[in-house]
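One-based numbering, in listed order, for ligands and for the atoms of each.
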Amino acid sequence: THVVCEPCFNCKYTDCVVVCPVECFYEGDQILYIHPEECIDCEACVPECPVEAIFHEDNVPEEWSGFVELNAEMAPQC
Ligand code: SF4
């Protein structure tokens, strides 16, 4: 799955949401989340993100590792 990380805070341009073929982005209060069971790893959203907040779960920068769990936890609740 892909994961939305820290740079998304106060961004939410939603350019990524528009290109996602399976509509697996969910909007939280301050940040978007990707539902891990719905993302098909197509990568379409990655270049669309203006703040480079989206990473494959295996490539999430160390300082944002907690976002893997956060996306999984929050997406289903949005
Ligand atoms: Fe959607 Fe593809 Fe991005 Fe996953 S990688 S969130 S399926 S656009």
Query raised in the report: At distances under 2.8 Å, what protein N, O or S atoms surround atom 3 (Fe) of ligand 1?
Result: C45 SG
Report task. May I ask you to decide if A44's main-chain N or O and E48's side chain share a donor-acceptor pair within less than 3.5 Å? Result -> no
**Report entry** Contacts of E6 that satisfy side-chain contact (heavy atoms from CB on, under 4.5 Å) - sequence neighbours left out
**Finding:** F9, W64, F67
Query raised in the report: Which pair of non-hydrogen atoms, one from A53 and one from F55, has the smallest distance, and what is that distance?
Result: O-CD1, 3.6 Å
**Report entry** Sub-4.5 Å side-chain heavy-atom contact between L32 and C16
**Finding:** yes
Query - Short side-chain donor-acceptor distance under 3.5 Å, E43 and H2 - result: yes
Query - Contact atoms of ligand 1, heavy-atom distance to V22 under 4.0 Å - result: 7 (S)
Query raised in the report: Do the side chain of N71 and the main chain of Y33 share a donor and acceptor less than 3.5 angstrom apart?
Result: no
